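Here's the structure we're looking at; comments come further down.
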2 protein chains.
Amino acid sequence: MSMSFYTADSLKAELHERGWRLTPQREIILDIFQNLAAGKHLSAEDLCELLHTEGHDISLSTIYRTVKLMARMGILRELELAEDHKHYEINQPHHHHHHLICVRCNQTIEFKNESVLKIGDKTSKKEGYHLLDCQLTIHAVCPACQRSILPV
Amino acid sequence: MSMSFYTADSLKAELHERGWRLTPQREIILDIFQNLAAGKHLSAEDLCELLHTEGHDISLSTIYRTVKLMARMGILRELELAEDHKHYEINQPHHHHHHLICVRCNQTIEFKNESVLKIGDKTSKKEGYHLLDCQLTIHAVCPACQRSILPV
DNA sequence: ACTCTTATTGAGAATAAGTCTCTTTTGAAG
DNA sequence: CTTCAAAAGAGACTTATTCTCAATAAGAGT
Ligand SMILES: [Zn+2]
Ligand SMILES: [Zn+2]
Ligand SMILES: [Zn+2]
Ligand SMILES: [Zn+2]
């Protein structure tokens, strides 16, 4: 959790460190996530549509490559929200939160907990790992689904 | 986390509660997971092979359906271990553990932490959810990958 | 034990998220 | 301005998982 906020310049610097390049596409995608309302997650498809409505046509290939790259750099969090595809959100410690997911209807509640990040820090440090992100995912059955008689 | 150990009978009872049936396939699959060494996770394909070597030929369709069913009942945990497929393991509070994953090489370390389950209990109770499982997943870069100069 | 209903299985087709390939474009260093 | 490897775009491809449907069998009732 090195950085809390990326600008085009800091992104550029970090890319150049590894011999990579800052492209307009990467800058635009970073910008989308920076300005996304708290609690919103985007799939690759979501992102593609959102970009389109804002007049940016970035190919799906590039979108997939970019979110994967940014997740591996620690800029984005890759979330598994009980659907059949991944979601991404910006990774900022002061907005750090976790997810409570109903396994039946997939409804997701976000919650904060200060000690989770501490556990992540401690554990990764102990093993010599460089921490990128830690997420607590709770699988449960929501009140509505507990009442329903529908299968599973 | 209602139950800590399932027998064929308790599985049967829980299935019948919902109008479902205990089949030989379900009993065998539960048995596999009950007897799996701690720290071992199986994908659907792994499970299929393992069943085959033990002389049980259960179709992939049934395997996929069964692990999904058992995860939704809280009997199995469904894990996302940074590969392109899910893994399953038995869900037992006294073997409750979490995963530290290298985003570059996918090497995974298991670790225990007592407070995680408490956070999961507290959070789900507060929202009126019925807890099935909670997992802390840490994404990080392992020591070897930090030293490597290979891309991402 | 026999019957009946319907959940479940098995086989294979279908789906779709994500990756790969290859050509063209372009960032950025000198 | 040149150079060249990195990156983008288009679309083919892969493959984990789901779906469909006919055949089977669990379990309740008689
Ligand atoms: Zn979130
Ligand atoms: Zn629900
Ligand atoms: Zn594990
Ligand atoms: Zn590694």
Side-chain angles (χ1 to χ4, degrees), chain A residues 8-9 11-30 41-49 51-52 56-73 76 78-88 103-104 106 149-152, chain B residues 8-9 11-30 41-49 51-52 56-73 76 78-88 103-104 106 149-152:
Chain A
D9 279 345
L11 174 61
K12 188 173 187 171
E14 199 157 323
L15 287 166
H16 284 193
E17 249 177 48
R18 315 190 194 196
W20 302 335
R21 297 173 183 170
L22 179 63
T23 63
Q25 290 86 344
R26 289 174 177 176
E27 204 171 328
I28 290 165
I29 289 174
L30 174 62
H41 319 106
L42 300 180
S43 67
E45 290 283 355
D46 295 337
L47 182 51
C48 193
E49 281 176 37
L51 284 163
H52 189 72
H56 301 295
D57 284 308
I58 301 180
S59 75
L60 253 186
S61 305
T62 297
I63 289 175
Y64 273 109
R65 280 187 292 236
T66 304
V67 293
K68 184 68 73 183
L69 177 79
M70 291 186 174
R72 290 177 172 207
M73 292 174 72
L76 298 180
E78 192 175 60
L79 309 171
E80 194 67 29
L81 297 180
E83 287 172 61
D84 50 358
H85 53 268
K86 297 196 166 74
H87 284 79
Y88 296 86
V103 298
R104 297 197 195 169
N106 281 348
I149 53 169
L150 293 170
V152 188
Chain B
D9 278 347
L11 174 62
K12 186 172 187 172
E14 200 158 323
L15 287 165
H16 283 194
E17 250 177 47
R18 315 188 194 197
W20 300 335
R21 296 173 184 172
L22 179 64
T23 62
Q25 290 89 341
R26 288 174 178 175
E27 203 171 330
I28 290 165
I29 290 174
L30 173 63
H41 318 107
L42 300 180
S43 67
E45 289 284 355
D46 295 337
L47 182 51
C48 193
E49 281 175 39
L51 284 163
H52 188 71
H56 301 296
D57 283 307
I58 299 181
S59 74
L60 253 186
S61 307
T62 297
I63 289 174
Y64 273 107
R65 280 187 294 237
T66 304
V67 292
K68 183 69 74 182
L69 177 79
M70 289 184 176
R72 290 178 172 206
M73 291 174 74
L76 298 180
E78 191 175 62
L79 308 172
E80 194 66 28
L81 298 181
E83 287 171 62
D84 51 356
H85 52 268
K86 297 195 167 76
H87 284 79
Y88 295 86
V103 297
R104 297 196 195 169
N106 282 348
I149 53 169
L150 293 169
V152 189

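Labels below follow one simple rule: chain letters A, B, ... track the order of the sequence lines, proteins then strands, and each chain is numbered from 1. Fair warning: this is a prediction, and the values are worked out from it, not measured in the lab.
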- line: Whether each nucleotide of nucleotides 23-30 of chain C has a protein heavy atom under 4.0 Å at its base (B), only at its sugar-phosphate (S) or at neither (-) is summarised, 5' to 3', as ---BBSS-

Enumerate the protein-to-nucleotides 9-12 of chain D contacts in which both atoms are nitrogen or oxygen and the separation is below 3.5 Å.
{"residue": "dG9(D)", "atom": "OP1", "partner": "Q25(A)", "partner atom": "NE2", "Å": "3.4"}
{"residue": "dG9(D)", "atom": "OP2", "partner": "S59(A)", "partner atom": "N", "Å": "3.1"}
{"residue": "dG9(D)", "atom": "OP2", "partner": "S59(A)", "partner atom": "OG", "Å": "3.3"}
{"residue": "dG9(D)", "atom": "OP2", "partner": "T62(A)", "partner atom": "OG1", "Å": "3.0"}
{"residue": "dG9(D)", "atom": "N7", "partner": "R65(A)", "partner atom": "NH2", "Å": "2.9"}
{"residue": "dA10(D)", "atom": "N7", "partner": "S61(A)", "partner atom": "OG", "Å": "3.3"}
{"residue": "dA10(D)", "atom": "N6", "partner": "S61(A)", "partner atom": "OG", "Å": "3.4"}
{"residue": "dG11(D)", "atom": "O6", "partner": "S61(A)", "partner atom": "OG", "Å": "2.8"}

statement: Between CG of L69(B) and P of dA7(C) the distance, given in whole Å, is 14 Å

message: Roughly what angle, to 10°, lies between the helix axis at the start of the helix from dA1(C)-dT30(D) to dG30(C)-dC1(D) and the one at its end, five pairs per end?
response: 50°

field: Close side-chain approach of R65(A) to T62(A), heavy-atom, < 4.5 Å
entry: yes

statement: From NZ of K68(B) across to P of dT8(C) the rounded distance in Å is 17 Å

task: Mind calculating the distance between CD (E27(B)) and P (dA26(D)) to the nearest angstrom?
output: 11 Å

task: Using atom CD of E49(A) as one end and atom P of dA17(C) as the other, report the distance to the nearest whole Å.
output: 11 Å

message: Let's see if you can work this out: which of dA16(D), dA7(D), dG18(C) has an atom nearest to the side-chain heavy atoms of H85(A)?
response: dG18(C)

field: With sequence neighbours excluded, residues passing ring-ring contact (aromatic ring centres under 6.0 Å, His included) with H41(A)
entry: H99(A)

message: Whole angstroms only, please: what is the CD1-P distance between I63(B) and dT18(D)?
response: 13 Å

query: Hey, does E45(B) have a side-chain heavy atom less than 4.5 Å from the side chain of L60(B)?
result: yes

field: Side-chain touch L47(A)/I58(A), heavy atoms, less than 4.5 angstrom
entry: no

task: Check ring-ring contact (aromatic ring centres under 6.0 Å, His included) between H85(A) and all other residues, then give those that pass, not counting sequence neighbours.
output: H87(A)

- prompt: Distance from D9(B) atom CG to E14(B) atom CD, nearest 0.5 Å?
  reply: 13.0 Å

message: Can you measure Y88(B) atom OH to dT17(D) atom P for me and round it to whole angstrom units?
response: 7 Å

Heavy-atom donor-acceptor pair, R26(A) side chain to M70(A) backbone, under 3.5 Å: no

task: Find out whether I29(A) and L51(A) are in side-chain contact, i.e. whether some heavy atom of one side chain is under 4.5 Å from a heavy atom of the other.
output: yes

- prompt: Between atom CG of L76(B) and atom CG of L69(B), what is the distance when rounded to the nearest 0.5 Å?
  reply: 9.0 Å

Partner set under side chain to side chain contact (heavy atoms under 4.5 Å, CB included) for K86(B), not counting sequence neighbours: E80(A), E78(B), E80(B), Y88(B)

field: Whole-Å gap separating C1' (dG18(C)) and OH (Y64(A))
entry: 5 Å

- prompt: Could you state the CG-C1' distance from L60(B) to dA16(D), rounded to the nearest angstrom?
  reply: 10 Å

Spacing of CG belonging to L30(B) relative to CD belonging to E27(B), to within rounding of 0.5 Å: 8.0 Å

